[in-house]
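Please read the structure below before turning to the comments.
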There are 2 protein chains.
Amino acid sequence: MSTHTHPSSAESLITAQGGRITRTRVAVLEILLAADQSLTHDEIGLALAEQGIKHDRVTLYRTLDWLVESGVAHKMAGDDRARRFGVAASGPHEHAHFHCDRCGKVVCLEGLQPAVAVNLPGGYQLDRAELVLHGACPTCGKGA
Amino acid sequence: MSTHTHPSSAESLITAQGGRITRTRVAVLEILLAADQSLTHDEIGLALAEQGIKHDRVTLYRTLDWLVESGVAHKMAGDDRARRFGVAASGPHEHAHFHCDRCGKVVCLEGLQPAVAVNLPGGYQLDRAELVLHGACPTCGKGA
DNA sequence: GGCGCAAATGCTACTATGTTGCAAAACCAC
DNA sequence: GTGGTTTTGCAACATAGTAGCATTTGCGCC
Ligand SMILES: [Mn+2]
Ligand SMILES: [Mn+2]
Ligand SMILES: [Zn+2]
Ligand SMILES: [Zn+2]
């Protein structure tokens with residue numbers, strides 16, 4: 001198609017990590033960037049299909065893994081047995097998450113720092129703290 | 001066997017939740033109570049087998065689910081795709097966890113309260129906060 | 001102690017999610 | 001454009017968990 005487009009922010013992110021620009025990679029990253037919540041492999045696959053982007057299940061798994069390994073995206077293990085993926089719109093992934101226990105939605109709470117006052121028992125080396133708040137999202141909380 | 005034993009703390013816990021005393025349930029709960037870390041379904045099954053307690057895979061899943069639903073045990077989704085189970089030795093499950101990113105071990109940090117200073121965006125109803133600290137456990141951190 | 005019935009178990013089959021190996025295709029530095 | 005490397009697609013496999021249903025077991029009651 002058109003060969004003279006400016007690189008999208010998705011494309012820049014990909015090349016910045018030393019990855020090649022491919023249709024699936026760009027589309028997945030754009031989907032994640034546009035999402036207001038973390039998405040499962042399945043949801044992303046569906047979104048791709050809706051955009052008419054043909055893809056293989058395994059390729060999508062590998063694409064997502066690559067995004068996580070590259071530090072572009074983050075992965076969260078949910079209570080249902082599906083991992084959810086998201087990208088922090090800006091900067092590294094240093095924020096808390098909200099998990100709606102009713103609909104299962106997970107949203108990033110950017111600008112919400114754990115402020116964890118921990119004194120670990122001796123010997124433990126702390127790398128990072130992961131904070132997940134549980135409750136009801138605005139949509140689900142309505143009928144409470 | 002002997003019919004005049006005093007109820008173990010495991011048995012008390014089970015009856016307190018309105019459950020029936022069964023071999024598997026008691027054994028599983030005792031395993032969890034004795035463990036110094038969260039255990040996977042598989043690890044618990046292995047422990048049962050070592051004790052010569054015959055059981056079915058599905059029964060163990062249901063036993064663990066029941067313990068969680070009853071509020072006796074807690075369940076954590078790990079990065080590997082296995083859930084880990086544990087019981088707080090005393091009181092409800094209101095503490096942080098430490099996850100060793102090298103060996104995958106998860107330990108309960110009882111007496112370590114999140115102290116989360118959060119102001120959620122409007123509409124979100126907070127039920128509970130889940131704090132997981134990531135890093136290296138004493139064993140794995142040695143060679144660092 | 002024994003009965004009756006609900007709760008729990010064991011089996012089998014099935015689903016969902018993720019992984020591996022390898023050949024074909026697509027990128028991109030040159 | 002070409003060549004070598006990365007990425008993809010496909011098929012087969014692995015793992016963790018679930019569902020239905022007949023059988024067994026715990027236990028309140030007599
Ligand atoms: Mn996030
Ligand atoms: Mn715990
Ligand atoms: Zn919700
Ligand atoms: Zn460790």
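Not measured: the values here are computed from a predicted model. In the text below, chain A, chain B and the rest are named by the order of the sequence lines, each starting its count at 1.
- Contact detail for Ser9(A) and Leu33(A): the closest heavy-atom pair is OG-CD1, 3.9 Å.
- Residues meeting the side chain to side chain donor-acceptor pair (under 3.5 Å) test with Thr24(A), sequence neighbours left out: none.
- For the pair Asp80(A) CG and dA16(D) P, the computed distance is 17 Å after rounding to whole Å.
- Side-chain contact between His74(B) and Cys108(B): present, with at least one pair of heavy atoms (C-beta onward) separated by less than 4.5 Å.
- Annotation for Val72(A) and Val87(A): closest pair O-CG1, 3.3 Å, computed over non-hydrogen atoms.
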Could you list all N or O pairs between the protein and nucleotides 27-30 of chain D that sit under 3.5 Å apart?
residue, atom, partner, partner atom, Å
dC27(D), OP1, Ile21(B), N, 2.7

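- Every residue two or more places apart in sequence or in another chain was checked for a ring pair (Phe, Tyr, Trp, His ring centres under 6.0 Å) with Phe85(A), and none qualifies.
- Across residues 56-66 of chain B, Asp56(B), Val58(B), Thr59(B), Arg62(B), Thr63(B) each have a non-hydrogen atom less than 4.0 Å from an atom of DNA chain C (numbered order).
- Summarising the geometry of Ala10(B) relative to Val26(B), their closest heavy-atom pair is CB-O, 4.1 Å, with the distance given to 0.1 Å.
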Cut-off 3.5 Å, no hydrogens considered: what does the side-chain donor-acceptor table look like for residues 131-138 of chain A, sequence neighbours left out?
residue, atom, partner, partner atom, Å
His134(A), ND1, Asp101(A), OD1, 3.0
His134(A), NE2, Glu130(B), OE1, 2.5

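- For the side chain to side chain donor-acceptor pair (under 3.5 Å) condition, no pair includes a residue of residues 13-23 of chain B, sequence neighbours left out.
- Scanning for side chain to side chain donor-acceptor pair (under 3.5 Å) contacts around Asp36(A) gives an empty result, with sequence neighbours left out.
- In this structure, CZ of Arg23(B) is placed 15 Å from P of dT24(D), rounded to the nearest angstrom.
- Protein chain B contacts DNA chain C over a range whose 5' and 3' limits, counting nucleotides with an atom under 4.0 angstrom from a non-hydrogen atom, are dA6(C) to dG18(C).
- Each end of the helix from dG1(C)-dC30(D) to dC30(C)-dG1(D) gets its own axis from five base pairs, and the two axes differ in direction by 50°, given to 10 degrees.
- Between the C1' atom of dT24(D) and the NE2 atom of His55(B) lies a distance of 18 Å, rounded to the nearest Å.
- Residues Leu60(B) and Leu64(B) are in side-chain contact: their nearest non-hydrogen atoms beyond the backbone lie under 4.5 Å apart.
- Applying the side chain to side chain donor-acceptor pair (under 3.5 Å) definition to pairs two or more places apart or across chains, none involves residues 51-72 of chain B.
- Judged by distance alone, with hydrogens and angles left aside, Arg81(B) brings no side-chain donor or acceptor close enough to the base of dA16(D) to form a pair under 3.5 Å.
- Arg84(A) meets the side chain to side chain donor-acceptor pair (under 3.5 Å) test with Asp80(A); sequence neighbours excluded.
- In the region residues 28-48 of chain A, proximity to DNA chain D at under 4.0 angstrom, judged on heavy atoms, holds for none of the residues.
- Rounded to whole Å, atom P of dA16(D) lies 12 Å from atom CZ of Phe85(B).
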